[in-house]
Each structure stands twice: as C-alpha cells, then as structure tokens.
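Have a look at the structure below, then the notes.
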2 protein chains.
Amino acid sequence: MQKEHNLSKNQKIIFDLIDKSRGPMKAYSILFNVQKKGIKAPLQVYRALDKLVEIGKIHKIESRNAFIACQNSSCQVSKATAFSICESCENVSEISNSKLSRYLSNFSDSSGMKYSKYNLEFFGLCKKCKSK
Amino acid sequence: MQKEHNLSKNQKIIFDLIDKSRGPMKAYSILFNVQKKGIKAPLQVYRALDKLVEIGKIHKIESRNAFIACQNSSCQVSKATAFSICESCENVSEISNSKLSRYLSNFSDSSGMKYSKYNLEFFGLCKKCKSK
DNA sequence: TTATAAATGTTATATTATTACATACTGTTA
DNA sequence: TAACAGTATGTAATAATATAACATTTATAA
Ligand SMILES: [Zn+2]
Ligand SMILES: [Zn+2]
Ligand SMILES: [Zn+2]
Ligand SMILES: [Zn+2]
C-alpha cells in the first residue's frame, strides 16, 4: 500500500497540470502554464517536481528532460521505472510489466553491486507512427 | 563486426579525452579541457559528441548529462545500453551482459510496439561505498 | 572536376536547473 | 499555548546545458 501524501498547494497545482496533460511536460512549459495560478519562478516549479518525483507521483523522462504522471499506482515509488517512447510523435507511456520489473529488480552482475533503483527507456515507433 | 570510423580532428580530440578520463565527462568540462587544443565553442563540443554517440564510440548517461567512452566494443552501436551508477561516488560502468541485452532487445509489451533501442540505468552503491 | 556530404568556426541565444537568502506554514510535543 | 522542527514558499540572481543561424572549409566519391 502506498503512503498517502498530502500535497501542498504548489505541488497540487503542478501535479494536476501534469496529470491532465496528454504527454510528458517540460519544466518551463509547466511554469508558463501555472503562472496564472501565482507560481512565478522556475524554482517553485523545480521544488514541486523534486518532491513529486520523490514520492512517486510523477517520473522524469531522463532522455527528454520532461515529467509525466505515474500511470501505475502500484509501482515501487520511483525506484523501478520503465517507459516506452515513440521517436516520431514523442508519445510516452509507462510500462507496467511484472516480469520485466521482477527481472530488473533482481538483476545483478559480476561486479557484485546491488541495485536499489533503475530507470529503463525503450525507443521505437508507436503503432500509429509505424503505419504512416 | 563494427564499421571502422575515421574520426575527424575535433572528434578525435574529444574522444581521446573522454576515453582517457576515469569517469563520465560533462560537456562543459570537456570544453574547458580542449580549449588549449583550439576548440573554443560549446557547439564544437556538442557536434563531436553527437557524432561519437551516433557511431557508438561514446554513450550519454542521461541521468547525469554526461558522456562516457563505450567500454564494450561489441555492443550494438548505441542501440542497447545499460549502465551501473553509484549514487555516492558517481562511478559509472557499462554493463555487458548478454542475457540482459537479449532479454531487453526481445522485450515487447502489450502495446504491440516494437523497440529498436533502449537505455537502462541502474543505481545503487558500489562495493567501495557500501563498505564505508 | 564537379558535386555532395561532412565537418568546422563563430556569435548569439535558448533551455534547463541551482544557489542564496528571507519568510511562512504545519504538525508535534513540552 | 509556546517552542521547536520540518517542510514549503517567495524572490532575485546566476549557473549549467544545449541549440539556432550563418559562413566557410575539408573530405569523398561519381
Ligand atoms: Zn510509475
Ligand atoms: Zn508515434
Ligand atoms: Zn557501449
Ligand atoms: Zn561508489
């Protein structure tokens, strides 16, 4: 069960925006969109983003410097994330596949290093874009 | 077999620097280090980096905005990359594990999307840091 | 040689993210 | 309630990362 987090005012404004958006959002696009709600500075956005990432409500798509709402309420709070990214339309979706997450969470290599976290990004063409 | 690429002057300067370096290097740190060799502008660095990434001689560590020389001469030219990152000392190494790469290269989910590329970053504490 | 692609040089600018410092709010416990 | 700790906010300035635009040069190959 996931801990219930009471979002603060700014966190809520920013989470709601990202959650409503179709795809990943970039920080300065978020900033632009929340200025009418009184959030004026980049730092206000980045602070809320940091917190939202930390508690697993959103994830950062590292290869795109963009943020997406978690589409998988049962995922291990930002510790194990996998995404599918269309290189044509930039559509992103979170992959929720228990076999994959089990495989990766248990993965260990010859170095003997134990991993507590991973992020995986797959790239390709989505169905729509492939059929064009 | 990997195609032999003849690196241009700037590409060679920058590749050699990254290859010699212990860990991943950031673009502006590269710039600083090659200024004595006549490379003066960020764009010169980024162009070389783009090319080197494209041909698989280096990889970008997305979560760190940094670049590392490919440690795996037989890897599928930047199409399938996996890294282990220590969150304490920031040591990064490229994971070369045929089972893992086979598993991920063949992975497909319910969306029916076929992936041509992936990047995986594992995080944890390396042996040294864990024993501290 | 002529054409084409690839690489370079240079200036300016766009985009992404953090530092530093002051203030306010929220929940806990003495 | 008062004192405290932890979290969140506001604001300005700046750092760090990356690209646009344009002119020129070098390499490759038909
Ligand atoms: Zn998630
Ligand atoms: Zn698409
Ligand atoms: Zn490699
Ligand atoms: Zn370490």
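This structure is a prediction, so every number in the text was calculated from the model and none was measured. Just so it is clear: chains get the letters A, B, ... in the order the sequence lines come, proteins before strands, and each one is counted from 1.
- Using a 4.0 Å heavy-atom criterion, one finds that B/Lys12 contacts no nucleic acid atom at all.
- The shortest distance between side-chain heavy atoms of A/Leu52 and A/Leu7 falls below 4.5 Å.
- For DNA chain D, no neighbouring residue in residues 19-28 of chain A is found when judged by any heavy atom under 4.0 Å.
- For B/Tyr46 and C/dT13, the OH to P distance is 19 Å, given to the nearest whole Å.
- Put simply, B/Gln44 has a side-chain N or O that comes within less than 4.0 Å of OP1 or OP2 on C/dG9.
- Every residue was checked against the side-chain hydrogen bond (donor to acceptor under 3.5 Å, both in side chains) condition with B/Arg47, not counting sequence neighbours, and none meets it.
- Under the side chain to side chain contact (heavy atoms under 4.5 Å, CB included) criterion, B/Lys117 pairs with A/Glu87, A/Phe123, B/Lys79, not counting sequence neighbours.
- The footprint of chain B on DNA chain D, defined by a heavy-atom cutoff below 4.0 Å, extends from D/dT17 to D/dA21.
- Counting only N and O atoms by type, the side chains of B/Ser8 and B/Asn10 include no donor and acceptor under 3.5 Å apart.
- The CG-C1' distance, from A/Asn10 to C/dC25, rounds to 12 Å in whole Å.
- Remark: A/Lys40, A/Ala41, A/Leu43 in residues 35-43 of chain A come within less than 4.0 Å of DNA chain D through at least one heavy atom.
- With sequence neighbours left out, the ring pair (Phe, Tyr, Trp, His ring centres under 6.0 Å) criterion links A/Phe15 to no other residue.
- B/Lys51 has no side-chain polar atom (N or O) that falls below the 4.0 Å cut-off from OP1 or OP2 of C/dT8.
- No side-chain heavy atom of B/Asp109 sits less than 4.5 Å from a side-chain heavy atom of A/Leu100.
- Legend: salt bridge (charged side-chain N to carboxylate O under 4.0 Å, His left out) pairs involving residues 31-43 of chain A, not counting sequence neighbours: none detected.
- Residues satisfying the side chain to side chain contact (heavy atoms under 4.5 Å, CB included) criterion with A/Lys130, sequence neighbours excluded, are A/Leu125, B/Lys114.
- Pairing each heavy atom of B/Phe67 with each of B/Ile18, the nearest pair is O-CG2, 3.8 Å.
- Across the protein-nucleic acid pair, A/Leu31 atom CG and C/dT18 atom P stand 15 Å apart, rounded to whole Å.
- One axis for each end of the helix from C/dT1-D/dA30 to C/dA30-D/dT1, each built from five base pairs, and the angle between them comes to 40° at 10° resolution.
- One can place CZ of A/Phe32 at 16 Å from C1' of C/dA14, the figure rounded to the nearest angstrom.
- For the ring pair (Phe, Tyr, Trp, His ring centres under 6.0 Å) test, no residue two or more places apart in sequence or in another chain qualifies with B/Tyr46.
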For A/Ser111 and B/Ser93, what are the C-alpha separation, side-chain angles and deciding distance, and is it a side-chain contact (heavy atoms from CB on, under 4.5 Å)? CA-CA 10 Å; A/Ser111 76; B/Ser93 57; over 6 Å; no
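- Nearer to the 5' terminus of DNA chain D, by closest-nucleotide assignment, is the contact made by B/Ser29 (compared with the other of B/Ser29 and B/Arg47).
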Throw together a table of side-chain donor-acceptor distances under 3.5 angstrom for residues 23-30 of chain A, partners on residues two or more places apart or in other chains.
residue : atom : partner : partner atom : Å
A/Lys26 : NZ   : A/Arg64 : O            : 3.3

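- Partners of A/Tyr115 under the ring pair (Phe, Tyr, Trp, His ring centres under 6.0 Å) rule, at least two apart in sequence or in another chain, are B/Phe122.
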